[in-house]
**Q** 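Have a look at this one before I ask anything.
Residue numbering restarts at 1 for every chain, and letters A, B, ... go by the order of the sequence lines.
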Number of protein chains: 2
Amino acid sequence: MNIKDVAERSGLPAKTIRYYEDIGLIRPLRSANGYRSFRESDLHKLAFLARARSLGFSIEDCRTLLALYEDRSRASSDVKAVAEAHLHKIAEKIAELRAMEATLSHLVQSCAGDGRPDCPILAGLGDGAKPQAGLAVAAECCS
Amino acid sequence: MNIKDVAERSGLPAKTIRYYEDIGLIRPLRSANGYRSFRESDLHKLAFLARARSLGFSIEDCRTLLALYEDRSRASSDVKAVAEAHLHKIAEKIAELRAMEATLSHLVQSCAGDGRPDCPILAGLGDGAKPQAGLAVAAECCS
DNA sequence: CTTGACCTTCCGGTTACTGGAACCGCCAGA
DNA sequence: TCTGGCGGTTCCAGTAACCGGAAGGTCAAG
């Protein structure tokens with residue numbers, strides 16, 4: 001299989017597949033012409049990666065999970081530990097976002113949103129009215 | 001005021017403040033020795049930025065909000081529009097994370113987490129058992 | 001033989017910083 | 001006067017996980 005086929009079948013862009021090879025997540029063979037030649041097992045791994053990524057696992061988590069996936073003598077506790085750690089991160093993130101949402105929706109609700117300049121949103125940002133402990137500055141929240 | 005003072009008073013690292021000058025969010029004066037010299041107005045802007053960032057606004061949103069903050073003849077509707085757009089993004093993100101959380105917690109619950117290799121988590125990632133429409137691959141979810 | 005769809009590598013850009021190197025300014029103490 | 005130490009400065013590289021595009025090689029069809 002060439003890259004376009006696995007891209008379609010795995011749902012990952014060809015660019016991403018090349019990147020995954022670059023960072024050592026997969027090791028497809030090469031044909032005589034230099035093209036990547038994917039086996040069924042490569043496709044399985046890519047599909048695995050696509051699903052793990054869609055659940056929000058980091059690339060490094062994916063690397064770990066893939067190694068466990070390949071290791072027929074793994075302990076399921078190892079897998080579970082990775083998944084639970086990730087679940088905690090997700091929960092934290094949700095809590096953080098909900099705090100933002102709460103604060104911001106209060107501000108938005110109190111803003112007339114008309115042609116006048118008076119704006120409680122800007123006022124709230126300007127004075128320290130809502131310093132909200134627990135809201136990290138480096139919050140990288142939304143895309 | 002030198003940079004360390006505004007850093008302490010605004011809660012932003014000095015590095016970040018230099019960065020904000022770099023990208024044109026603030027324009028502090030310079031002393032004869034080349035040091036940045038911050039006015040009270042610079043400090044206000046930095047505090048504003050710190051709070052806007054803590055609510056998850058992007059730098060570009062912050063730029064817009066700061067311009068509105070400075071513009072005494074703004075319409076509050078403009079501010080509200082930016083805030084509401086951001087609120088939508090937050091809500092989407094929360095929904096996405098909750099979908100991940102739901103799927104993953106099911107998998108985790110069904111995993112024995114013992115020394116045996118059988119693992120429903122890996123099985124779920126391996127076959128397409130939980131393709132979950134709506135879960136984007138490029139989900140950049142957690143830190 | 002040419003066209004067009006594929007494939008390849010490499011480079012740069014994205015977001016919002018952070019860390020570090022190398023260097024300069026300023027003040028206090030020995 | 002020299003030295004230390006804590007400021008300050010710039011610039012470069014790296015982070016996560018890719019995406020876009022350029023320049024060029026390959027292959028099957030017409």
Side-chain angles (χ1 to χ4, degrees), chain A residues 1-26 28-38 42 46 49-66 86 89 93 96 135-143, chain B residues 1-26 28-38 42 46 49-66 86 89 93 96 135-143:
Chain A
M1 265 182 296
N2 280 350
I3 200 165
K4 198 163 188 228
D5 303 315
V6 273
E8 272 163 21
R9 295 227 253 152
S10 68
L12 292 170
K15 276 276 190 189
T16 299
I17 295 173
R18 291 197 194 95
Y19 173 68
Y20 286 173
E21 183 189 10
D22 243 42
I23 61 174
L25 286 179
I26 51 167
L29 303 173
R30 293 288 178 141
S31 315
N33 56 14
Y35 290 13
R36 287 170 185 82
S37 177
F38 296 87
D42 294 316
L46 287 170
L49 289 168
R51 284 187 214 101
R53 291 286 299 127
S54 80
L55 289 179
F57 285 103
S58 72
I59 290 287
E60 285 318 301
D61 280 349
C62 288
R63 197 187 296 278
T64 304
L65 291 172
L66 201 49
H86 182 46
K89 282 194 176 183
K93 196 75 195 169
E96 195 182 336
L135 284 185
V137 169
E140 31 92 26
C141 100
C142 300
S143 49
Chain B
M1 265 182 294
N2 280 353
I3 200 165
K4 194 150 191 244
D5 304 315
V6 274
E8 272 164 20
R9 295 228 253 153
S10 68
L12 292 170
K15 275 276 191 189
T16 299
I17 295 172
R18 292 197 193 96
Y19 173 67
Y20 286 173
E21 183 189 10
D22 243 41
I23 62 174
L25 286 178
I26 51 166
L29 303 173
R30 293 288 179 143
S31 316
N33 56 13
Y35 289 13
R36 287 171 186 80
S37 177
F38 297 87
D42 295 315
L46 288 170
L49 289 168
R51 283 187 217 103
R53 291 288 299 126
S54 81
L55 288 179
F57 285 103
S58 71
I59 289 287
E60 284 318 303
D61 280 349
C62 287
R63 197 186 296 279
T64 304
L65 290 172
L66 201 50
H86 182 47
K89 282 193 176 185
K93 196 77 196 167
E96 194 182 338
L135 284 184
V137 168
E140 29 92 25
C141 100
C142 301
S143 47

**Q** Taking atom P of C/dG12 as reference, at what distance in whole Å does atom OH of A/Tyr19 sit?
**A** 18 Å

**Q** Quick one: CG on B/Asp42 to CD1 on B/Ile17, what's the gap to the nearest 0.5 Å?
**A** 10.0 Å

**Q** Starting at CZ of B/Phe57 and ending at P of C/dT15, how long is that distance when rounded to a whole Å?
**A** 17 Å

**Q** Please state whether the phosphate of D/dC19, meaning OP1 or OP2, lies under 4.0 angstrom from any side-chain nitrogen or oxygen of A/Thr16.
**A** yes

**Q** Rounded to the nearest angstrom, tell me the gap between atom CG in A/Leu12 and atom P in D/dA17.
**A** 14 Å

**Q** Expressed in angstrom and rounded to an integer, what is the separation of A/Asp22 atom CG from C/dG12 atom C1'?
**A** 15 Å

**Q** Atom CZ of A/Arg53 to atom P of D/dC19: distance rounded to whole Å?
**A** 10 Å

**Q** Applying side-chain contact (heavy atoms from CB on, under 4.5 Å), run through A/Asp5 and A/Phe38 and close with a yes or a no.
**A** CA-CA 9 Å; A/Asp5 303 315; A/Phe38 296 87; over 6 Å; no

**Q** When the distance from CD of B/Glu8 to P of D/dG8 is rounded to whole Å, what number comes out?
**A** 9 Å

**Q** Could you tell me which non-hydrogen atom of B/Ala14 sits nearest to which non-hydrogen atom of B/Ile3, and how far apart they are?
**A** O-CD1, 3.6 Å

**Q** Roughly how many Å is it from CG in B/Leu49 to C1' in C/dA16, rounded to a whole number?
**A** 13 Å

**Q** For the helix from C/dC1-D/dG30 to C/dA30-D/dT1, what is the angle between the axes at its two ends, each from 5 pairs, rounded to 10°?
**A** 40°

**Q** Would you call A/Glu8 and A/Lys4 a side-chain contact if the rule is heavy atoms closer than 4.5 Å?
**A** yes

**Q** Looking at residues at least two apart in the chain, or sitting in another chain, which of them share a side chain to side chain contact (heavy atoms under 4.5 Å, CB included) with A/Tyr19?
**A** A/Ile23

**Q** Spell out, as yes or no, whether a donor-acceptor pair under 3.5 Å connects the side chain of A/Asn33 to the backbone of A/Tyr35.
**A** yes

**Q** Counting N and O atoms only, with roles assigned by atom type, does the side chain of B/His86 sit under 3.5 Å from a partner on the main chain of B/Leu55, one being a donor and the other an acceptor?
**A** yes

**Q** Distances under 3.5 Å only, N/O to N/O: pair up the protein atoms with those of nucleotides 6-11 of chain C.
**A**
unit_1	atom_1	unit_2	atom_2	d
C/dC7	OP1	A/Ile3	N	3.4
C/dC7	OP1	A/Lys4	N	2.9
C/dT8	OP1	A/Arg36	N	2.9
C/dT8	OP1	A/Arg36	NH1	2.7
C/dT8	OP2	A/Arg18	NE	3.0
C/dT8	OP2	A/Arg18	NH2	3.2
C/dT8	OP2	A/Arg36	NH1	3.2
C/dT8	O5'	A/Arg36	NH1	3.3
C/dT9	OP1	A/Arg30	NH1	3.4
C/dT9	OP1	A/Arg30	NH2	3.3
C/dT9	OP2	A/Arg36	NH1	3.3
C/dT9	OP2	A/Arg36	NH2	2.7

**Q** Do the charged groups of B/Arg18 and B/Glu21 touch, with an N to O distance under 4.0 Å?
**A** no

**Q** OP1 or OP2 of C/dA16 versus the side-chain N and O atoms of B/Tyr20: is any pair under 4.0 Å?
**A** no

**Q** How long is the span from the CD1 atom in B/Ile59 to the CG atom in B/Leu49, to the nearest 0.5 Å?
**A** 7.0 Å

**Q** Whole angstroms only, please: what is the CD-P distance between A/Glu60 and D/dA17?
**A** 8 Å

